[in-house]
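Below is one structure, written out as structure tokens; comments come after it.
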Amino acid sequence: MNAKAKNKNELHNTLVYIKQHWQLYVFFLGPALVLTILFRYVPMGGILIAFQKYNPFKGILGSEWVGFKYFQQFLSSPDFMQYLINTLKLSVYGLLWGFPMPIILALLLNRISSSKIKQKIQLVLYMPNFISVIVLCGMVRILLSVTGPLNMMLGKSINFLTIPEAFRPIYIISGIWQGAGWASIMYTAALSNASKELKEAAQIDGANIWQQIKAVEWPAIKDMVVIQFILQAGNIMSIGFEKAYALQSDMNLASSEIIATYVYKKGLLNGDYSYSTAVGLFNTIINVILLIAVNKVVEKLNDGQGL
């Protein structure tokens, strides 16, 4: 039996099994499917607001249709390029500096032979992930305040959060500290599948640490790294506004005002729902384009393997 016929037979058997036990699938998958449709897909109808002069009293169906007016308004805005560049810089720098850190941590943890020491180190690395974004921003503000610990160590009185050039390093470093340990879990789990016999053979042959990583450990996490890179690169425009907004001040707006905070201010604070929805939809479309483009590039560089 050739591979094509075998796959066809397996598919037929699977369909027969599903038909015989459809009640189980409805019972277990039904609630999740309903909730996903209700809270993920139904709200997508709200994007129509981006093409309307939305009036809350008239509703979506009764509001005036204006087409791409608000998209043109945003693209022709004198601040458009500043918000776009700020968003891209924060995302790209965060990806370049933040993406490798969990991988490095996982490789370092994998070299610890003592399970007790390893567990203690992992506990310390994972703990920051459970700190909320607002609490983290409060800690950063205290640390970097004029009378904070950092200024006391330096013997200076600098308010770092008022310096536009300091905003991106603060945002990225604090993000790495909070999330790198937790993100390393998947790579640590993938490294557990690396062949111990092959690693021992490499050590006997005199391979150094770099050669061991390249020959034994890297192949075990390569697919995971590719998938995570595609997903993170595809979400390069999706910066959570909470952290940027919480670390924002009137003095650092030149580098801290990104599309997400702009949408929040326009939509919720100013009540310009149509314009803010159009800006948010523009952001989402750019994300989708980037996701497809990055996936195609990775496929070409990774022997046709992508998402």
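- Across T36 and A32, no two heavy atoms sit closer than the pair OG1-O, 2.7 Å.
- Contact detail for L247 and F167: the closest heavy-atom pair is CB-CE1, 3.7 Å.
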Acceptor/donor pairs from residues 99-117 side chains to any protein atom, 3.5 angstrom cut, sequence neighbours excluded:
| unit_1 | atom_1 | unit_2 | atom_2 | d |
| --- | --- | --- | --- | --- |
| N110 | ND2 | E217 | OE2 | 3.0 |
| R111 | NH1 | E217 | OE2 | 3.0 |
| R111 | NH2 | Q212 | OE1 | 2.9 |

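- When the side chains of ILVMFWY residues are joined at heavy-atom separations under 4.5 Å, either directly or via intervening members, I37 and V34 end up in two distinct hydrophobic clusters.
- I163 and L154 fall within the same hydrophobic cluster, where Ile, Leu, Val, Met, Phe, Trp and Tyr residues are linked whenever their side-chain heavy atoms come under 4.5 Å apart, directly or through other members.
- How far OG1 of T162 is from CG of N252: 7.5 Å, rounded to the nearest 0.5 Å.
- No continuous path of ILVMFWY side-chain contacts below 4.5 Å connects L144 to M153, so the two sit in separate hydrophobic clusters.
- Of all non-hydrogen atoms in I172 and Y93, the two that sit nearest each other are CD1-CB, 3.4 Å.
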Do any side-chain atoms of residues 47-68 form donor-acceptor pairs under 3.5 angstrom with protein atoms, and if so which ones, sequence neighbours left out?
| unit_1 | atom_1 | unit_2 | atom_2 | d |
| --- | --- | --- | --- | --- |
| Q52 | NE2 | I60 | O | 2.7 |
| N55 | OD1 | F57 | N | 2.9 |
| S63 | OG | N55 | N | 3.0 |
| S63 | OG | G59 | O | 2.5 |

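- Listed by first and then second residue, the side chain to side chain donor-acceptor pair (under 3.5 Å) pairs involving residues 171-180 are S174-K243 (not counting sequence neighbours).
- Grouping Ile, Leu, Val, Met, Phe, Trp and Tyr residues whose side-chain heavy atoms lie under 4.5 Å apart, directly or via other members, places L198 in a hydrophobic cluster with V216.
- Taking hydrophobic clusters as Ile, Leu, Val, Met, Phe, Trp and Tyr residues chained together by side-chain heavy-atom distances below 4.5 Å, F160 shares a cluster with L90.
- The shortest distance between side-chain heavy atoms of V263 and F241 does not fall below 4.5 Å.
- Remark: M152 CE is loosely packed, at most 12 non-hydrogen atoms of other residues, nucleotides or ligands lying under 6.0 Å away.
- Of the inter-residue distances, the one linking F282 atom CZ with F74 atom CZ reads 6.0 Å to the nearest 0.5 angstrom.
- Residues forming a side chain to side chain donor-acceptor pair (under 3.5 Å) with Y126 (at least two apart in sequence, or on another chain): Q122.
- Between the CD1 atom of I209 and the CD1 atom of I213 there is a distance of 7.0 Å, given to the nearest 0.5 Å.
- Shown here are the side chain to side chain donor-acceptor pair (under 3.5 Å) partners of T188, two or more places apart in sequence or in another chain: there are none.
- Contact detail for Q20 and Q23: the closest heavy-atom pair is O-OE1, 3.9 Å.
- In this structure, OH in Y264 is found 10.5 Å from CG in N270, a value given to the nearest 0.5 Å.
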Let me have the donor-acceptor pairs involving side chains of residues 131-141, under 3.5 Å, with sequence neighbours excluded, atom names and distances please.
| unit_1 | atom_1 | unit_2 | atom_2 | d |
| --- | --- | --- | --- | --- |
| S132 | OG | V135 | N | 3.2 |
| R141 | NE | A246 | O | 3.1 |
| R141 | NH2 | A246 | O | 2.8 |
| R141 | NH2 | Q248 | O | 3.1 |

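- Under the 4.5 Å side-chain criterion, counting only non-hydrogen atoms from C-beta, I173 is not in contact with W97.
- Scanning all heavy atoms of the two residues, the minimum distance from F71 to A278 falls at CE2-O, 3.3 Å.
- Shown here is N208, whose CG atom has more than 12 heavy atoms of other residues, nucleotides or ligands within 6.0 Å.
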Donor-acceptor contacts under 3.5 Å from residues 79-89 side chains, at least two apart:
| unit_1 | atom_1 | unit_2 | atom_2 | d |
| --- | --- | --- | --- | --- |
| Q82 | NE2 | A254 | O | 3.4 |
| N86 | OD1 | R168 | NH2 | 3.1 |
| N86 | ND2 | Q82 | O | 3.3 |
| N86 | ND2 | A254 | O | 3.0 |
| N86 | ND2 | E257 | O | 3.1 |
| T87 | OG1 | Y83 | O | 2.7 |
| T87 | OG1 | I259 | N | 3.1 |

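- A distance of 7.0 Å separates NZ in K214 from CH2 in W210, rounded to the nearest 0.5 Å.
- With sequence neighbours excluded, the residues forming a side-chain contact (heavy atoms from CB on, under 4.5 Å) with D272 are Y275, listed by chain and number.
- Residues satisfying the ring pair (Phe, Tyr, Trp, His ring centres under 6.0 Å) criterion with F130, sequence neighbours excluded, are W182.
- What you find for S249 and L161 is that their closest heavy atoms are OG-O, 2.9 Å.
- Applying the 4.5 Å side-chain rule to ILVMFWY residues, one finds L35, F39 in the same cluster as L38.
- Among residues at least two apart or in separate chains, there is no side chain to side chain donor-acceptor pair (under 3.5 Å) pair with a member in residues 146-160.
- Follow the hydrophobic side-chain contacts under 4.5 Å out from L33 and you never reach L29; the two are in separate clusters.
- Taking CD1 from I170 and CD from E165, the interatomic distance works out to 11.0 Å, rounded to the nearest 0.5 Å.
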